[in-house]
Every structure is written in structure tokens, then in C-alpha cells.
Chemist: 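The structure follows.
Numbers restart at 1 for each chain; the letters A, B, ... are given by sequence-line order, proteins then strands.
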Number of protein chains: 2
Amino acid sequence: MSRWKPDAAGRLVAAAITLFAEQGYEETTVAEIAERAGLTKRTFFRYFSDKREVLFSGSEELARRWLEAVAAAPADGTPLAVVAAGLPPVAQMFIERHDFARIRAAIVEANPELRERELIKLQTLASAIKVALVARGISPNAAILAAQAGVTVFHVAFARWVAQDDPTAFERLMDESLAELRSVTAA
Amino acid sequence: MSRWKPDAAGRLVAAAITLFAEQGYEETTVAEIAERAGLTKRTFFRYFSDKREVLFSGSEELARRWLEAVAAAPADGTPLAVVAAGLPPVAQMFIERHDFARIRAAIVEANPELRERELIKLQTLASAIKVALVARGISPNAAILAAQAGVTVFHVAFARWVAQDDPTAFERLMDESLAELRSVTAA
């Protein structure tokens, strides 16, 4: 008879990030992560295909929140305004993950394969936003340009957010990056 | 005594792309590429680490041309205007490579690993442009936003250029994408 395990995935992520910070990402095994979380390796593999996936465990929720906001954005906005509607709910999601994000950012930065995976995740996100914009009647070219611009704003603000100490600063940093993008692209 | 081989790299690229179009990328071997070019496998490996690298053989020249134009751009331009100075010389470089680019685009599109490599090359290009902008006194945030925007404009225009028949249309398509980016990001 197994005990009830509330939020096994969350416990595995927390255990993993603690171990990565303590002893390094490369040095940490799935067995150690599972043990620290009080779970089995088998349970780990029910949630994650490998250790690496733990670092990208937030990307589905990120995409879901962003796409919901795009779908709900007012019909009269510019394409970038529609994309930018996703930034506040995404910032909200990250407030409680600042420590995780900071540890994770250092790991990804130090590992070329993880940097590549990060790029691909961002590109997948941009493609999904593009599809959502096209579904709203925006032309494919405008949609891809606006989606890419929005994801770049997110990415730049994310790097600034993990480089400073205030977990609640993400939305402001995204606003600043968005304003800066508008400034650098102005004719 | 070996014969003098003018532009061995160019002949290898031409032979490779012909074979890829004739019989498929996956099905083509380095030995076949070398044979078609009238060269040895050993010569192939002097220029390319593998078959895949043939597809990315233009990326160094692309980066060089773009960075030269950024370095030579007028000092009073907006960050994006400085980045966009690289678009005409890049378009010029591609005019004679339209057939290559069209065959290559179909191969990359069909192969997830090549799509990832393409993304990484574009990201490397954006990072190099960012560094060049910072060297011109532009703030790091503005630099990365402008560099990413410029590379997206290039990428979107490239997709449109290979999807149509006129090799000389690339510069016009880049101008249109740039204008469209300015339009979608306008406040």
C-alpha cells in the first residue's frame, strides 16, 4: 500500500534544484533526486524523461499561460500588444520561482547542450504564439515577427530578473524591455 | 603529383547540393560527394567536419558581411538601423545562391536536428551582432533586442525568398520585413 504523495512532480523539482545547487548539475543522479524527494526512481520517470527535463518543467505552463492571454487579448491591439498580453501572467507565474530560476539560469548558462535546448524551447514557444496570432486573423509575416519580438522581450527580461534580487520585479523588467524594443525599432 | 584544384570547397558544396536534390540528404555519403566533385574524401574533410557542415558553409561569410556593415554604419542611427545596415550586403551575397538555398531550405525543414542547428547558428549570429553594437556604445539591453530583431527580419525574409522564384528579391523582402517589424512593434 503506497502512501499518498501530494505533488510528487513539485517535490522532485525542489529536490533536484537543491541538489544541483549543493553538488552541481552534472554530479547529481536521478537516484539521488528521487531519494531526496522521498520517492522512487520509477516515480521520477513517471514525470520526467531525464534529469535535464526537470530544468524545463515550467515550459508547458509558461506556454499555456501565454497562449491563454493571447486568446483573451482585446481585438483592436497591434500584433505586439496582443503578444505582450501574455507577459503579466507569465511574470506572475515566476514570482514564486525566483530561487529556482536563478539556480537554473547558472546551470543552463554553463552547459552548451542545455543552452541549445533552451533556444529550442523558446523557438517552440514563439511558433505557438505565431499560430495563435494567425488564428486571430493576423498575417503570418506580422505574426512571426511579433511572436519572435515578444519572446525576445521575455528572454531579455528573464536574464535581467535572475541577475537581481527582487522576485516581484519581472513584470516591470518586461515592461522596460518592451518599451526598449519599441524604442530600438522605431523608424 | 596532384592536379591544381580551384575552389575545392565550392565544388564540394555544389556536388553535395546536387546529390542531395537528386537522391536525398540522408541517402548521400561523403564518399559520393567527394567523387562527384572529382576530389577525395580526405580533401572533403579538410574543408568540412561532416556532411551537415556543407549546409552551413555560408554562415561565416554571412556573419562577416553583416558585422562589417554594422561596423561601417553611420553613428547617428537607431540600434535597429545599425543592424539593418547588414541586410543589403547579405542579400547581395545570396543572389547567386538561390538554387542552393531552396534545396537546402527543404532539407533543413525536413530534419529536426538541422532545424536545431539552424537556430543555433542564427543565435550565434545575433550574439555576434549584439557584441558589435555594444562596441559601438549601445547599451547591452538595446543591443540584444536590436540584434535579435534584425536576425528575425533576416530569417523571415529568407523564408519568403526561398518560397518564390526571383533570386534578386531578397533585399526587397528584407525591406518589407523590416517595415513590417516596425509596424507590428509600434506603440
Chemist: Mind listing the closest non-hydrogen atom pair of Ile120(A) and Glu116(B) along with its distance?
Modeler: CD1-CD, 3.1 Å

Chemist: Between Val82(B), Ile144(B), Val156(B), which shows the greatest number of heavy-atom pairs under 4.5 Å with chain A?
Modeler: Val156(B)

Chemist: Considering non-hydrogen atoms only, spot the tightest contact between Pro79(A) and Val184(B) and give its length.
Modeler: CG-CG1, 3.8 Å

Chemist: Establish whether Tyr47(A) and Leu55(A) are linked, either directly or via other cluster members, by ILVMFWY side-chain heavy-atom contacts under 4.5 Å.
Modeler: yes

Chemist: Is Leu122(A) reachable from Leu87(A) through a run of hydrophobic residues whose side-chain heavy atoms are each under 4.5 Å from the next?
Modeler: yes

Chemist: With hydrophobic residues grouped by side-chain heavy-atom distances under 4.5 Å, do Leu125(A) and Phe56(A) end up in a single group?
Modeler: no

Chemist: More than 12 heavy atoms of other residues, nucleotides or ligands under 6.0 Å from CD of Gln23(B): yes or no?
Modeler: yes

Chemist: Give, for atom CD of Gln123(A) and atom CZ of Arg115(B), the distance between the pair rounded to the nearest 0.5 Å.
Modeler: 10.0 Å

Chemist: Using the rule that two of Ile, Leu, Val, Met, Phe, Trp, Tyr join whenever any of their side-chain heavy atoms come within less than 4.5 Å, decide whether Val54(A) and Leu62(A) are in one cluster.
Modeler: no

Chemist: Does any backbone or side-chain atom of Ala142(A) lie under 4.5 Å from a heavy atom of chain B? Answer side chain, backbone, both or neither.
Modeler: both

Chemist: Considering only heavy atoms, which portion of Ala186(B) lies under 4.5 Å from any heavy atom of chain A: side chain, backbone, both, or neither?
Modeler: backbone

Chemist: Taking atom CD as the centre, does Glu27(A) end up with more than 12 heavy-atom neighbours from other residues, nucleotides or ligands that are less than 6.0 angstrom away?
Modeler: yes

Chemist: Hey, any chance Val13(A) and Phe45(A) share a hydrophobic cluster, counting ILVMFWY side chains that come within less than 4.5 Å of each other, even indirectly?
Modeler: yes

Chemist: Report the option among Val83(A), Thr78(A), Val153(A), Asn141(A) that has the most heavy-atom pairs separated by less than 4.5 Å from atoms of chain B.
Modeler: Asn141(A)

Chemist: Can you list everything that forms a salt bridge (charged side-chain N to carboxylate O under 4.0 Å, His left out) with Arg136(B)? Sequence neighbours excluded, please.
Modeler: none

Chemist: List the atom of Ala149(B), the atom of Thr185(A), and the distance in Å for their closest heavy-atom pair.
Modeler: CB-CG2, 4.4 Å

Chemist: Where is the tightest heavy-atom contact between Leu145(B) and Leu181(A), given as atom of each residue plus distance?
Modeler: CD1-N, 3.8 Å

Chemist: With only heavy atoms counted, which part of Arg160(A) is less than 4.5 Å from chain B, the side chain, the backbone, both or neither?
Modeler: side chain

Chemist: Ignoring hydrogens, what is the shortest heavy-atom contact between Glu180(B) and Ser139(A)? Give both atom names and the distance.
Modeler: OE2-OG, 3.6 Å

